[in-house]
**Q** 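Structure below; questions to follow.
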Amino acid sequence: MKVYQSHEIKNIALLGSKGSGKTTLAEAMLFECGVIKRRGTVDAQNTVSDYFPVEREYGYSVFSTVFYAEFLGKKLNVIDCPGSDDFVGSAITALNVTDTGVIVVDSQYGVEVGTQNIFRYTDSLHKPVIFAMNQLDGEKADYDNTIEQLRESFGNKIVQIQYPISCGASFNAMIDVLKMKMYKWKPEGGTPEVLEIPEEEKDKAADLHQKLIEAAAENDEGLMEKFFDQGVLTEDEMREGIRKGLITRSMFPVFCVSALRDMGVRRMMEFLGNVVPFVDEMPKPVATDGTEVALDSKGPTSLYFFKTTVEPHIGEVSYFKVMSGTVKEGDDLQNMNRGSKERIAQMFCVCGQIRTKIEELVAGDIGATVKLKDVRTGNTLDDKNCEYIFDFVKYPEPKYQRAIKPVNEADAEKLSEILTRMHEEDPTWIIEQSKELKQTIVSGQGEFHLRTLKWRIENNDKIAVEYQEPKIPYRETITKAARADYRHKKQSGGAGQFGEVHLIIEPYYEGMPAPESYKFNNQEYKMNVRDTQVIDLEWGGKLVFVNCIVGGAIDARFLPAILKGLMDRMEQGPLTGSYARDVRVCVYDGKMHPVDSNEISFRLAGRNAFSEAFKNAGPKILEPIYDVEVLVPSDKMGDVMSDLQGRRAIIMGMTSEKGFEKISAKVPLKEMASYSTSLSSITGGRSSFTMKYSSYELVPSDIQDKLLKAYEASQSAE
């Protein structure tokens, strides 16, 4: 296979909502480029993209698929991404390592929430966008309405390159206003006839052609001057203007295709080959130290690994982009993230499962290698003359959590290894061994996302697992001051144990003044502050330990033991065993024994005095609250609002956003456990949401009562 140079390579992400037809379009693109001799179908489970068993089981894309095509003397690297919002991590990764996004829109359903979400990612990454209007032969296809939705959603930068003569079952022809020709297909699709534009379409075509010229001219001063002088541009000049407009995101061209019948696909491929920017025309990537890295095939070699899969009979396949320099088979490189050395023994250009050996890849190209010892997704491999590290892929916060455990406890260690491997394949699967909850928590983008994880563990690794609703990481705190004392005394022959601690606790807040005096049962307690320690708790909040001991009632050497006793109870709160936070403790008195006092005595005395005071200090349970944003079609707004209010949500605001309604709310984490499933059910999968931790707030008293009873019952059972 030919080694392509940076000025001959284009990297493209194939994006769009679930069901928009990306996999079918990818199949048609590969067929048109001669990579495959026969097009597969999703129904027949024989497409290049969806080749993993879980994808064939579910009937939709779960993983992104990398493929390449040699077309018009250029190399097109394409990453076909899953459409489901649950697998958005693959789309985000693909956009970060490619330069142009082709967003596939189902003309039967128009702009969907998934279309909006994907476009938002292209915007944040400043990537050029082309829209491929698909399924124009569908019975509900409505080209004009979808164009209006695109304009409403994405502005007047939408520019039509093509439009169909008709939609639905009769779709077989379209007008190309860049070439000013009509393309017409036989019922089976394939190679079209290229005809002159019919008389009845000439005015519409001329109007759109003029708009296209104006849009192209706006991106180049020289073209603008020529347009003002002559009113026309050549086809090549229009292409140059469109390419510059793509790079600056000042225009979003629209193409017409029927991927299933292979209509319009080759013409779109010609545009990709001739017009979209090459890798060396895009902004330079930036390393973690802020260095802009030139796309220079003669520069130092640096590879960024963006994807890992485990395939039968092969093992790990690692996909990379050449960020700088040239990589050759046999090169020895340094893993900048893990400090290990790796040899690139074999390299491939890939089309799904089809791998073509190649000996050399240059800056900007995408390839794969196998059997690396210690490379993870997100790692950078450099040669000895280079110290670049890349870390530019930022994933959204997880939206769905479950506790996972093996059905057979003997498989626990093996399951842990599998989960680690799964996270390396898909970094949006977040794995946490929670010391607090005593559970293994897996987090993802939705129910389908975690269901896929479970399917793979059970079918590929043959370990039966079960999901449970995760425990909620509640917090305990107090609302008023309270006093307690406790004497720990134990005598059992020989040296005994003795320690007595008197303390006062109160709620802590930032900037509160030093303690002076307290009054309990008409008795005043004056504080003489000797020392203050502020402990930042790893679970949030603070414990403030104030030493107010006078007259040597407790020796200073026992104070660390008292603090340990307090921390014991902060780590396992008296109410529900949850972490406690935001408490100030003043230890003001106590007693020692010259022989029997020791550290364990004062640790136990401090712990028990704290427990007693805590229960009398207006104790409250706090729950985690999340900021939730829901993007919902207008016709489902009322249903979604009702559902949120049933989840104890506080609605913070509502705004309209390009044809959709955005609801902002604060919702307790407890109520979000099954929200992704519920939202999908309410809206037919037409909504999406994001959630991010906000704060801890007091739980309502009725819920606190239930939590206390449940904890008491669990303690009794134990």
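Quick note: numbers below take in every heavy atom, side chains included, and nothing from hydrogens, waters or symmetry partners.
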**Q** Suppose we screen for side-chain contact (heavy atoms from CB on, under 4.5 Å). Which residues come up paired with Glu397, at least two apart in sequence or across chains?
**A** Lys692
**Q** List in chain and number order the residues that pass salt bridge (Lys or Arg N to Asp or Glu O under 4.0 Å) with Lys321, two or more places apart in sequence or in another chain; answer none if no residue qualifies.
**A** none
**Q** Under the side-chain contact (heavy atoms from CB on, under 4.5 Å) rule, collect the residues that match up with Arg475, sequence neighbours excluded.
**A** Glu436, Pro473, Trp539, Tyr579, Arg581, Leu622, Tyr696
**Q** Mind checking what makes salt bridge (Lys or Arg N to Asp or Glu O under 4.0 Å) contact with Asp536, not counting sequence neighbours?
**A** Lys542
**Q** Applying salt bridge (Lys or Arg N to Asp or Glu O under 4.0 Å), can you list everything that pairs with Arg647, at least two apart in sequence or on another chain?
**A** Asp643
**Q** With sequence neighbours left out, write down each residue that passes salt bridge (Lys or Arg N to Asp or Glu O under 4.0 Å) with Glu359, or none if nothing qualifies.
**A** none
**Q** To the nearest 0.5 Å, tell me how far Glu712 CD sits from Thr576 OG1.
**A** 11.0 Å
**Q** Check Glu424 with Arg376, please: is the shortest side-chain N to carboxylate O separation under 4.0 Å?
**A** yes
**Q** Applying ring-ring contact (aromatic ring centres under 6.0 Å, His included), can you list everything that pairs with Phe320, at least two apart in sequence or on another chain?
**A** Phe305
**Q** Mind jotting down which residue pairs meet the ring-ring contact (aromatic ring centres under 6.0 Å, His included) criterion with at least one end in residues 387-434? Sequence neighbours excluded, please.
**A** Tyr304-Phe392, Trp429-His449
**Q** Would the distance check show the side chain of Lys22 and the main-chain N or O of Ser17 forming a donor-acceptor pair, the cut-off being under 3.5 Å?
**A** yes
**Q** Partners of Lys328 by side-chain contact (heavy atoms from CB on, under 4.5 Å), sequence neighbours excluded?
**A** Thr326, Asp331, Glu360
**Q** Who passes side-chain contact (heavy atoms from CB on, under 4.5 Å) against Gln645, sequence neighbours left out?
**A** Met641, Ile651
**Q** List in chain and number order the residues that pass side-chain hydrogen bond (donor to acceptor under 3.5 Å, both in side chains) with Ser680, two or more places apart in sequence or in another chain; answer none if no residue qualifies.
**A** none
**Q** Sequence neighbours excluded, which residues qualify as ring-ring contact (aromatic ring centres under 6.0 Å, His included) partners of Tyr675?
**A** Phe689
